[in-house]
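Residue numbers count from 1 along this sequence. What you are looking at is a predicted structure, and each value in this text was computed from that prediction instead of being measured.
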Amino acid sequence: MPAGGHLPRIRRLGARLVNWPAQWWAQQSLRARLTLIATALFTCAVIAGVILVLVGQRYALTRVLDQSASRTARDVAEQLTDGRRPANPIVPTTGGIAAVQVVDDDNRMIAASAGNGLQGASLVTDRQLESIRDGARLTIDPPTFPARLRVLGRKVGGRTVLVYTELNRVDDSVRILTRAALIGGPLAVLLMAMATYGAVTLSLRPVAALRHGAADITAAGLARQRLPVPGAQDEIHRLAVTLNAMLDRIDAATSRQRTFVGDAAHELRSPLASLRVQLEVAQRVGPTADWDAVLDDVLVDVDRLDRLVGDLLTLARLDESGSVGRREPVALDELVTSVVNGYAHARVPVRAEPAPVTVPADPDALRRVVINLVDNAARYANSEVVVRVGPTTRDGKPRALLTIDDDGPGIPAEERAKVFDRFYRVQESRSRASGGTGLGLSIVRDIVRNHDGRVRLTERPGGAAGLRAVVLLPAQPGEPS
Ligand code: ADP
């Protein structure tokens, strides 16, 4: 039981230990991380460089010693040719030579250079002599000599010229270099770390300025405040410019929203004020008031409030969804016919000329588009409204074309784009009196856009009086055109 209980705990501990470096790393500041990475890389480079220099130095110095030794070996060997006895003591012909010895096959001393007390015995063992005769260059540490030696030889018949050089000069010079590297390396790494830290701090200063700038921006100050843009044309400059552009867009959206809320409140206030006045008057008059007339008037205002709130809700939902969620094949011609049938008792006749066309759409939203446009047309037409719908193609793609013509007063060309704005009315009193909310066309535009379509108002063809609303929607492929 205890073992079974310990195992998961140990495993958890192990997992935590494994994860710890990653967690620790993630907690460090960007500055610290960059400094650590740069310093680690630089340290590796310094270590590799120092090793390379030390190895190279030792190799180069040893090579110089070897060259000098080979020359002396060659010179002494020349003296020995023809079986001559070597001069005793032998005189090295090049500098830096510690000793020269000539030995016979059995490693017995024949001659040696002066000094160092080397006259007595060979400094190499028999086995070493063998490999030297085979051309090897050896590093030896003979007990009879105070320093490490490097030895190479040259065969002359049965004899061998052995030339020794002292390695302590090579060792000394490598040691000095090692010491310099041990002091200079960490110093260089430290300087590098400090320089990196400083450079990163300097580079990140504009980021800190951006952060402070962003912290200072309040919702109220959005119209005036922007993030500081650094002068250098670098990534942070571009980031600041992009963020400021985003703030501009947010600001524009916020002020649009604010205007919309203000307008909505204003629109709601007038029917409410009218309601209040009517009710107050009726209250003052008392039971003798014409209550039927009061109720009729009150209902008109309630109707208007109802329409307004309904339109506001629709717009809010459209803003929220961005694009229609539900899309299904909708027979637009049938939808138009059914809407037009609802205008049988309208002030002017509303006529439909439908041709079969199917669009992928939200049927309720599309019905709303048709109703809003036909409502407007029927409201302003003098004698007739004609609604045409059918298939067409644009840029080689199937489209559904819906046009609604009325012979009313129309809209001046310069106002035709503006009437799609929320609460925009061509003639304030005319539209308001007719019960319009000023939101009908905004709703139409939003829905059509959400269906990837386009809507616009134009003149009627042939210069006829009135207005034509044109809606173009993507149609289901494979439609007859
Ligand atoms: P409303 O619900 O108040 O009519 P809309 O957004 O539907 O608001 O219309 C915006 C403006 O466009 C209104 O001022 C309205 O008078 C005008 N308008 C819309 N359709 C027509 C039309 N067929 N003929 C003339 N004016 C129109």
Side-chain angles (χ1 to χ4, degrees), residues 210 213-229 239-273 304-325 361-362 364-366 368-369 371-373 375-376 411-432 434-458 467 469-473:
L210 275 188
D216 288 345
I217 292 179
T218 55
L222 198 58
R224 292 170 279 107
Q225 293 169 309
R226 284 294 175 269
L227 297 172
V229 178
L239 175 69
V241 170
T242 309
L243 288 178
N244 277 341
M246 184 187 76
L247 287 176
D248 287 344
R249 287 196 300 277
I250 293 176
D251 180 29
T254 313
S255 61
R256 257 202 317 274
Q257 203 67 24
R258 221 175 286 145
T259 314
F260 178 59
V261 170
D263 288 347
H266 181 75
E267 293 290 329
L268 287 168
R269 203 150 75 182
S270 39
L272 279 175
R304 203 155 135 219
L305 276 174
D306 189 34
R307 253 199 318 275
L308 198 57
V309 171
D311 282 355
L312 286 174
L313 274 176
T314 305
L315 278 174
R317 262 187 232 123
L318 283 169
D319 279 350
E320 200 177 301
S321 64
S323 73
V324 274
D362 173 349
D364 295 336
L366 217 52
R368 185 69 195 251
V369 167
I371 290 178
N372 280 9
L373 292 175
D375 252 357
N376 277 349
I411 299 176
E414 66 277 8
E415 302 218 53
R416 277 183 212 144
K418 289 190 211 151
V419 289
F420 287 101
D421 291 346
R422 294 172 180 188
F423 296 117
Y424 188 87
R425 292 184 177 96
V426 178
Q427 277 177 347
E428 192 74 6
S429 52
R430 184 180 80 183
S431 171
R432 224 186 262 268
S434 64
T437 58
L439 294 174
L441 288 176
S442 313
I443 292 174
V444 167
R445 184 190 54 187
D446 287 3
I447 293 176
V448 171
R449 267 195 198 157
N450 287 355
H451 282 81
D452 308 316
R454 283 203 321 262
V455 56
R456 65 199 162 90
L457 299 176
T458 64
L467 192 74
V470 183
V471 179
L472 204 61
L473 288 167

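Of all heavy-atom pairs spanning L457 and A469, the tightest one is CD2-CB, 3.7 Å. Of all heavy-atom pairs between P228 and A240, the closest is O-CB, 3.8 Å. A pairwise comparison of heavy atoms in F423 and T437 identifies CD2-O, 3.6 Å as the closest pair. Nearest heavy-atom pair across T458 and L467 is O-CD1, 3.6 Å. When all heavy atoms are compared, the tightest approach of G440 to N372 is O-ND2, 3.0 Å. Here the closest non-hydrogen pair linking A361 and L366 is CB-CD2, 3.7 Å.
A salt bridge does not link R317 to D446: none of the charged nitrogens lies less than 4.0 Å from a carboxylate oxygen.
At least one test fails for R445 against the ring of F420: distance under 6.0 Å to the centre or angle within 45° of the axis.
Contact of the M246 side chain with the L243 side chain is registered, since non-hydrogen atoms from C-beta on lie closer than 4.5 Å. For the pair N450 and I447, the minimum side-chain heavy-atom distance is 4.5 Å or more. Proximity of P412 to V426: side-chain heavy atoms (C-beta onward) are separated by under 4.5 Å at one or more points. The shortest side-chain heavy-atom distance between R456 and L472 does not fall under the 4.5 Å cut-off. V470 is not listed as a side-chain neighbour of R454, based on a closest heavy-atom distance of 4.5 Å or more.
The distance from the CD1 atom of I411 to the CG atom of L441 is 6.5 Å, given to the nearest 0.5 Å. With rounding to the nearest 0.5 angstrom, the CZ atom of R304 is 12.5 Å from the CG atom of D306. For the atom pair L227 CG and I217 CD1, the distance stands at 4.5 Å (nearest 0.5 Å). In this structure, I443 CD1 and R368 CZ are separated by 4.5 Å, a value rounded to the nearest 0.5 Å. Here the straight-line distance linking atom OG1 of T314 with atom CG of L439 works out to 9.0 Å at 0.5 Å rounding. Annotation: the span from R256 atom CZ to D421 atom CG amounts to 10.0 Å, rounded to 0.5 Å.
For D452, the salt bridge (Lys or Arg N to Asp or Glu O under 4.0 Å) partners two or more places apart in sequence, or in a different chain, are R327. In this view, D364 and R326 satisfy the side chain to side chain donor-acceptor pair (under 3.5 Å) rule, not counting sequence neighbours. Looking at residues two or more places apart in sequence or on another chain, you find a salt bridge (Lys or Arg N to Asp or Glu O under 4.0 Å) between D251 and R226.
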